[in-house]
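Report on one structure; see the data block that follows.
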There are 2 protein chains.
Amino acid sequence: MITPTTAVLRDQVYDRLGALIRGGHFSPGEKITIRDLAKNLSMSPTPVREALYRLISEGVLQGEVNRSAVVPLLMPEQIAELKDIRLHIECFAAERAALKGTPEIADALRKTSEKLKTARAAGDRRTDIALVYKFQFELYAACSMPDLIRIINSLWLKTGPYLNLLYPHYIASISAGRGDWRERIASGVEKRDAAAVAEEIRLDIDQALTYISSIITAAALLNQTRG
Amino acid sequence: MITPTTAVLRDQVYDRLGALIRGGHFSPGEKITIRDLAKNLSMSPTPVREALYRLISEGVLQGEVNRSAVVPLLMPEQIAELKDIRLHIECFAAERAALKGTPEIADALRKTSEKLKTARAAGDRRTDIALVYKFQFELYAACSMPDLIRIINSLWLKTGPYLNLLYPHYIASISAGRGDWRERIASGVEKRDAAAVAEEIRLDIDQALTYISSIITAAALLNQTRG
DNA sequence: GATTTAAATGATTGATCAAAATAAGGAAGC
DNA sequence: GCTTCCTTATTTTGATCAATCATTTAAATC
């Protein structure tokens, strides 16, 4: 997992918060205050504020001027935008990664995929989500484009708070419907079949974000009815 | 509007630095120190450090731990990566923008293009570069995808320090060779011809960054010879 | 040229300021 | 009498600053 223990406090905060957000530990609409977080992490407010500033500047968190940071409540249109962007950028990264694929990378992907199956079978959602992230970024890292990885990372942080919506129904239906698509990615990397790898990524992003969008829409309708 | 300047100092610093970087006012390899900049801007080091942190986290500036920020010296491979990413993302944005095009947007683009011609004819490089930026982001803004705009903005900041290399030779040869391509973009937006608009953007990015890359390579060879 | 010392510089802290959210109180209206 | 709304005071909280600490660069000395 990508958690380099940097000496610099603000980066530590950024990494830890990022892991929490990616893991779906924050709910949309949740408020994050500098002082509370600083107290929890036993440090002064400054590094915490700097980490939050970075997340806000990336659009991961939302922050009005002189106000707390909040996890954004995304509308279906914003989910659609994220889907659109992720489809283009991640399929691109997946293609490039596949073209530079090696047996070693394919093995690493298979190993991660196996661990993921184990965690999923055990119902360990935390590990599950972490390994989903690990698998995909092991793939993307193969394209050796750090600027691109950074962009994708930021996009994943934006979808992070909504990942919980996928469990358990969507996840179950997917493993029933699409079979072992991570294995197909691994073998695609082995064979350097860029189109096949990109197509698997495309399906994953498309289906997952479509599902999330429908849940959000349904919830909005329900709230409207309630009043 | 009374004060278009953001109330928050760190954002002011970020905006000002960003404008300077985009305008090519910083040279690759140039060092930026917090205290100097803070003194120049008459403020304490804190907001300056936060703005620099943001630029570093975006990959616009380079910063080792506990070291000053420097404008990165890009190798040809890194320019190639930037070109690759920009080609994919900006062509995507251009297509979407064209699909949502209106006569008003086309008019605005034409107006900016005319101003650009005037500045270029007058040899006003500063205005020239600013208007090149304005034109392209007026186009991209039409797609109404704020997350995408943010990504492209960060990519432009990375190429900013190398824009000066395009003047005056490349700029002259382009206006001779490709004619009024910005007018073709404007009319493409009018006709909602996504493919045509994307193709013009593709050519622009491809040619400009290929040129920059060749200049860097040539300069590196020269330095090597000198020893 | 290597080692030690001094200066420069970034990171972190705690204090202070300002703005916003919240709580409290009271007046007006039903 | 009760509620509602507005005003005011208190508290919370973010931004900024200045001081301190730690590290790195440079300067100086041997």
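First the proteins, then the strands, lettered A, B, ... as listed; each starts at 1.
Partners of F135(A) by ring pair (Phe, Tyr, Trp, His ring centres under 6.0 Å), not counting sequence neighbours: none found. Under the rule for a ring pair (Phe, Tyr, Trp, His ring centres under 6.0 Å), Y162(B) has no partner lying at least two apart in sequence or in another chain. By the salt bridge (Lys or Arg N to Asp or Glu O under 4.0 Å) test, R22(B) pairs with no residue at all, sequence neighbours left out.
Comment: D147(B) engages R150(B) in a salt bridge, judged by a side-chain N to carboxylate O separation of less than 4.0 angstrom. Comment: E58(A) engages R54(A) in a salt bridge, judged by a side-chain N to carboxylate O separation of less than 4.0 angstrom. Contact check on E138(B) versus K134(B) returns a salt bridge, with a Lys/Arg side-chain nitrogen under 4.0 Å from an Asp/Glu carboxylate oxygen.
Here the closest heavy-atom approach between residue A94(B) and residue L139(B) is recorded as CB-CD2, 4.4 Å. For the residue pair I85(B) and L148(A), the shortest heavy atom distance occurs at CD1-N, 3.6 Å.
Nearer to the 5' terminus of DNA chain C, by closest-nucleotide assignment, is the contact made by A69(B) (compared with the other of A69(B) and R35(A)). Between T33(B) and K31(A), the residue anchored closer to the 5' end of DNA chain C is T33(B), taking for each the nucleotide with the nearest heavy atom.
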### Query
After noting the C-alpha distance and the side-chain angles of D204(B) and I174(B), does the key distance pass the side chain to side chain contact (heavy atoms under 4.5 Å, CB included) rule?
CA-CA 9 Å; D204(B) 178 50; I174(B) 273 303; 6.0 Å; no
Could I get a table of every N or O pair under 3.5 Å where one atom is in the protein and the other is in nucleotides 8-12 of chain D?
none

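Within residues 41-64 of chain A, the residues approaching DNA chain D are R49(A), by heavy-atom distance under 4.0 Å.
Counting 5' to 3', DNA chain C first comes under 4.0 angstrom of a heavy atom of chain B and last does so at the ends given by dT9(C) to dT12(C).
Below 30°, between 30° and 60°, or above 60°: for W156(A) and Y133(A) the angle between ring planes is above 60°, a perpendicular geometry.
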